[in-house]
Amino acid sequence: MNLHEFQAKQLFSRYGIPTPEGQVVTSGSQARQAAEQLGGKLWVVKAQVHSGGRGKAGGVRIIDTLDGVADAAYDLLGRRLVTHQTLKHGLPINQVLVEQPSSIQRELYIAILVDRISQRIVCMVSAQGGMDIELVASKDPEAILNLFIDPIVGLQTYQCRRAGFFLDLQGEAFKQLQHVMQGLYQLFIDNDVHLVEINPLVVTDKNELLAVDAKLNLDDNGVFRHSELAAMFDPAQEDEAEVVAQQHGLNYISLDGEVACMVNGAGLAMATMDLIKQEGGQPANFLDVGGGTTAERVAHAFKLIMSDTKVKSILVNIFGGIVRCDLIAEGIIQAAKEIGLSLPVIVRLEGTNAELGRELLTNSLMTIRVADNLTDAARQAVFAAKEAK
């Protein structure tokens, strides 16, 4: 689960991590009022969307008049921002953050995340802030310092000092770095965070550190423990189909192809997508209905697939281990009747009661084709999608 920049900064303030003064608003008049209250002669108006690269896409603007602040907010609100990290239709801007600009001397990078290889929490720091860290890692990997944190003792003072020397900080900024790192680490642990990132963490003209941007991703599996953070979820920033899928216990990711997949098991789903590609097609989604799926869940899955207008055929690949294939077949038939299925459906069933399931589908008098094996199913689904085009 992602948080907006302003939400992440609110959390930063609880852990003593310094951020610029600012206010989040939802209209041009509110933006003007916020700028008046903040004072000064320059203001930054920042679109609040779950994406990086906002500045290059026109989502961050520096304004020097109060009327200009109102105009910038009015122009941004209600639009969809397209960045290199979004899909082609972009993300909706429903609120903007108005802040005082900072006097920046240097831009640094700092993040805390879980490193799966070492199975440790790692703190990453770099003197090349304000850039995509992936680009820095590929072009100059030595510009990044990775500090692996022992889960028993946590982030240590000597690690903070090492980071300070690596970043060539002096005086107050050097001292303040330990406070920032310890605050980020505690925030990470307390809130079941998946990733917390400040890019850039700036050194101001007063040699002080300031988090001018904030990215915070929560571990979905731990959100239930944090009701206040769960309430910050913004469904407008997520794919609508993925939000609906989550409500029904389905694992769904939208893709750009035309052959929809419905599979029980993540590994089997990926293998199914590979076969579709091998047969010359493109998968329209990743959809895992789970090992212990039910007829009702299958019906919801079909409705979800049918909401995607680019889908031309549907491939159902079920291995009946925990669940019986005849129950899955009944769910497919039920869903087809409920939604008035018009797309070709190719079904491959194997496992418990597979033969009975295939008989039910064959005798359903519906446009459902039963495949002999997975390769045959993939080939039929791709051919059907091409025919529909």
Side-chain angles (χ1 to χ4, degrees), residues 5 8-9 11-13 15-20 22 42 44 46 51-57 59-60 62 83-85 99-118 120-150 154-188 193-217:
E5 174 192 358
K9 286 180 174 177
L11 202 56
F12 279 9
S13 65
Y15 289 85
I17 301 165
T19 61
L42 281 176
V44 183
K46 309 172 79 173
S51 174
R54 292 172 298 165
K56 294 178 182 178
V60 178
I62 299 177
T83 77
H84 70 282
Q85 294 185 5
E99 287 185 338
Q100 288 184 325
S102 307
S103 178
I104 300 174
Q105 299 300 311
R106 293 178 59 200
E107 294 186 343
L108 313 174
Y109 174 92
I110 183 170
I112 297 181
L113 63 156
V114 175
D115 178 64
R116 296 183 183 276
I117 296 176
S118 65
R120 295 285 180 92
I121 295 172
V122 60
C123 179
M124 299 172 56
V125 297
S126 175
Q128 297 186 29
M131 297 175 57
D132 290 334
I133 197 64
E134 295 84 2
L135 186 63
V136 177
S138 63
K139 289 190 173 182
D140 188 10
E142 293 184 358
I144 301 174
L145 173 66
N146 294 315
L147 299 167
F148 296 94
I149 301 169
D150 189 307
L155 181 65
Q156 296 295 288
T157 303
Y158 80 88
Q159 292 178 306
C160 300
R161 289 199 299 270
R162 184 182 173 192
F165 289 127
F166 181 81
L167 298 172
D168 195 27
L169 296 177
Q170 308 290 330
E172 185 60 32
F174 186 94
K175 297 176 184 177
Q176 198 175 5
L177 180 65
Q178 177 178 339
H179 183 73
V180 169
M181 291 176 66
Q182 294 284 6
L184 283 177
Y185 178 71
Q186 199 58 49
L187 181 156
F188 188 95
V193 175
H194 183 261
L195 165 70
V196 58
E197 177 184 81
I198 305 175
N199 188 23
L201 174 69
V202 306
V203 182
T204 69
D205 57 352
K206 296 180 180 179
N207 196 35
E208 296 176 342
L209 298 181
L210 195 65
V212 300
D213 198 5
K215 179 178 180 179
L216 203 154
N217 299 340

Distance-minimising heavy-atom pair for [X] and [Y]:
{"X": "L108", "Y": "L169", "value": "CD1-CD2, 3.9 Å"}
{"X": "L155", "Y": "I149", "value": "N-CG2, 3.4 Å"}
{"X": "N199", "Y": "G130", "value": "OD1-N, 2.6 Å"}
{"X": "Q85", "Y": "G52", "value": "OE1-N, 2.8 Å"}
{"X": "P18", "Y": "V180", "value": "CD-CG2, 4.1 Å"}
{"X": "Q128", "Y": "A143", "value": "NE2-CB, 3.4 Å"}

Counting distance only, does the side-chain N/O of [X] pair as donor-acceptor with the main-chain N or O of [Y] below 3.5 Å?
{"X": "K9", "Y": "V212", "result": "yes"}
{"X": "T83", "Y": "A57", "result": "no"}
{"X": "N146", "Y": "M124", "result": "no"}
{"X": "D132", "Y": "L135", "result": "no"}

Do other residues, nucleotides or ligands put more than 12 heavy atoms under 6.0 Å from the CG atom of L42? yes

How far apart are the C-alpha atoms of I121 and I112, what are their side-chain angles, what is the distance that settles it, and do they pass the side chain to side chain contact (heavy atoms under 4.5 Å, CB included) test? CA-CA 7 Å; I121 295 172; I112 297 181; 3.5 Å; yes

Do [X] and [Y] have side chains that approach each other closer than 4.5 Å (heavy atoms only, starting at C-beta)?
{"X": "F188", "Y": "V114", "answer": "yes"}
{"X": "C123", "Y": "Q159", "answer": "no"}
{"X": "L209", "Y": "V203", "answer": "yes"}
{"X": "V125", "Y": "I144", "answer": "no"}
{"X": "L184", "Y": "Q182", "answer": "no"}
{"X": "R161", "Y": "F174", "answer": "yes"}
{"X": "L195", "Y": "L216", "answer": "no"}
{"X": "Y109", "Y": "E197", "answer": "yes"}

When rounded to the nearest 0.5 angstrom, what is the spacing between [atom1] in [X] and [atom2] in [Y]?
{"X": "L113", "Y": "N217", "atom1": "CG", "atom2": "CG", "value": "10.0 Å"}
{"X": "S51", "Y": "H84", "atom1": "OG", "atom2": "NE2", "value": "6.5 Å"}
{"X": "M181", "Y": "L201", "atom1": "CE", "atom2": "CG", "value": "10.5 Å"}
{"X": "R162", "Y": "L147", "atom1": "CZ", "atom2": "CG", "value": "5.5 Å"}
{"X": "L210", "Y": "I17", "atom1": "CG", "atom2": "CD1", "value": "11.5 Å"}
{"X": "F165", "Y": "Q170", "atom1": "CZ", "atom2": "CD", "value": "9.0 Å"}

The test is side chain to side chain contact (heavy atoms under 4.5 Å, CB included); show your working for M131 and V136 and say whether it passes. CA-CA 7 Å; M131 297 175 57; V136 177; 4.0 Å; yes

Less than 4.0 angstrom from a charged side-chain N to a carboxylate O is my criterion; do E134 and K139 meet it? no

Sidechain N-carboxylate O distance under 4.0 Å for E5, K215: no

Please list, chain by chain and in numerical order, all residues satisfying salt bridge (charged side-chain N to carboxylate O under 4.0 Å, His left out) with R106, sequence neighbours excluded. none

Output every pair passing side chain to side chain donor-acceptor pair (under 3.5 Å) with a member in residues 202-214, not counting sequence neighbours, ordered by first then second residue. R54-D213, S103-D205

